[in-house]
Amino acid sequence: LAKEKGKNNYQVFNTEMKTISLKRLTMENELRKAILQNELILHYQPQMDIISGNIVGFEALIRWSHPEKGMISPMDFIPFAEESGLIVPIGEWVLQEACRQNKLWQEQGYPHMTVSVNISTRQFLQPNLCAQVADVLKSTGLDSSYLELEITESSTMDVDYAIGVLLELKELGIKISIDDFGTGYSSLSYLKRFPIDKLKIDQSFVRDIMTDPNDAAIVASIIAMTRHMNLKVIAEGVETEEQLGFLHLNNCNEIQGYFFSRPLPAEQLEMMLQHHQQAAPTQQGD
Ligand code: C2E
Ligand code: MG
Ligand code: MG
Ligand code: MG
């Protein structure tokens, strides 16, 4: 009986595996096609400086506009793209497209903003990442100070390698931020060795700052720490005015979240830029 049961289990397992690998194969083929047929698009979510109220940057967020399935979230295909390696050509396209768009807006006379581009771990570990970034800056003509790369703590597992790559990237004049900060397990002793510019406080901490004293303490502490380390700090996932108030009170530099704006297609962000009053830059200490 045990033997028979074992056999059945094996067969069930086997069938499931086949279904999964078939799904993967289909997904991989569709994603390859998506790249060639321009089904991938970028939305842009503005980032606001809390003191001035100005839009100082925007994050490029990928979407897959599927002919039958409609808009597919990056959460549903980026992990797969990572696994299959397709993230490399996809990431290259994102970088190129985001820089092209930023340069275009600058040429059209919009206030200069920094574009943030997400770099997955697999991309970060590509030996030619730095050359690729340099090529994109050159071909788009975007000044390197207006490009920020968002990496996650999982890209920095090999600390010495990560520091090497980051130093090389910094030499180009671009900025580096740590995305989803606090959700990985990078140690604070390494953090101080990384040549980075900004921390992005993960939205899971921001969500409940008004109701959970622990989250409030964590967020306030991260902000205080960035000040002492001369880093900038942005809070992700800000959805309410109360959260903004808390972050303002605790001296957070910037916010990104639905309260200010959802990620928007390029034309809609343009409209927003046309209507958003950009205040004159405030002096520090005002
Ligand atoms: P992320 O980089 O942490 O991006 C922030 C995510 O939070 C975005 O989800 C954004 O739409 C969402 N968000 C922004 N404000 C709020 C808010 O107030 N409330 C809530 N609940 N959510 C908010 P999205 O666009 O679905 O992207 C999910 C993740 O997919 C990103 O997380 C990033 O890890 C990845 N991703 C997106 N685009 C790219 C890309 O071009 N390359 C790579 N490698 N990963 C990408
Ligand atoms: Mg990000
Ligand atoms: Mg994030
Ligand atoms: Mg995230």
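Both ligands and their constituent atoms are indexed starting at 1 by order of listing.
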Looking at Glu59, the N/O/S atom that lies nearest to the Mg ion (ligand 2) is called OE2
Yes or no: does Pro263 have any heavy atom under 4.0 Å from an atom of ligand 1? yes
Of all the N, O or S atoms in Asp180, which has the shortest distance to the Mg ion (ligand 3)? OD1
Considering Glu59, Gln203, Arg63, Gln243 one by one, which has a heavy atom nearer to atom 7 (O) of ligand 1 than any of the others? Gln203
Which residue from Gln45, Arg262, Glu97, Glu82 reaches closest to atom 15 (N) of ligand 1 through any of its heavy atoms? Gln45
We want to know whether Gln126 and Gln132 form a side-chain donor-acceptor pair, criterion being a heavy-atom distance below 3.5 angstrom. no
Of Leu40, Asp179, Val94, Ile62, which has the heavy atom at the shortest distance from atom 39 (C) of ligand 1? Ile62
Below 2.8 Å, any N, O or S contact between Glu150 and the Mg ion (ligand 3)? no
Go through it in stages, so that I can follow the logic: the residues are Phe260 and His276, the test is ring pair (Phe, Tyr, Trp, His ring centres under 6.0 Å), and I'd like the CA-CA distance, side-chain angles, deciding distance and then a yes or no. CA-CA 11 Å; Phe260 185 61; His276 188 78; 5.4 Å; yes
Identify, by atom number and element, the atoms of ligand 1 in contact range of Glu239, meaning under 4.0 Å from any of its heavy atoms. 17 (C), 18 (O), 19 (N), 20 (C), 21 (N)
Would you check if Leu142 and Val115 make a side-chain contact, meaning some heavy-atom pair closer than 4.5 Å? yes
I'd like the name of whichever of Tyr258, Phe124, Trp93 reaches closest to atom 16 (C) of ligand 1 through any heavy atom. Tyr258
Are Glu148 and Ser177 close enough that a side-chain donor and a side-chain acceptor fall under 3.5 Å? yes
Is the CD atom of Glu241 crowded by more than 12 outside heavy atoms at less than 6.0 Å? no
Please work out, at 4.0 Å between heavy atoms, whether the side chain, the backbone, both, or neither of Asp180 comes within that distance of ligand 1. side chain
Can you give me the closest heavy-atom contact between Gln47 and Phe58, atom names plus distance? OE1-N, 3.6 Å
Report whether any nitrogen, oxygen or sulfur of Asp179 sits less than 2.8 Å from the Mg ion (ligand 3) (N, O or S, backbone or side chain). yes
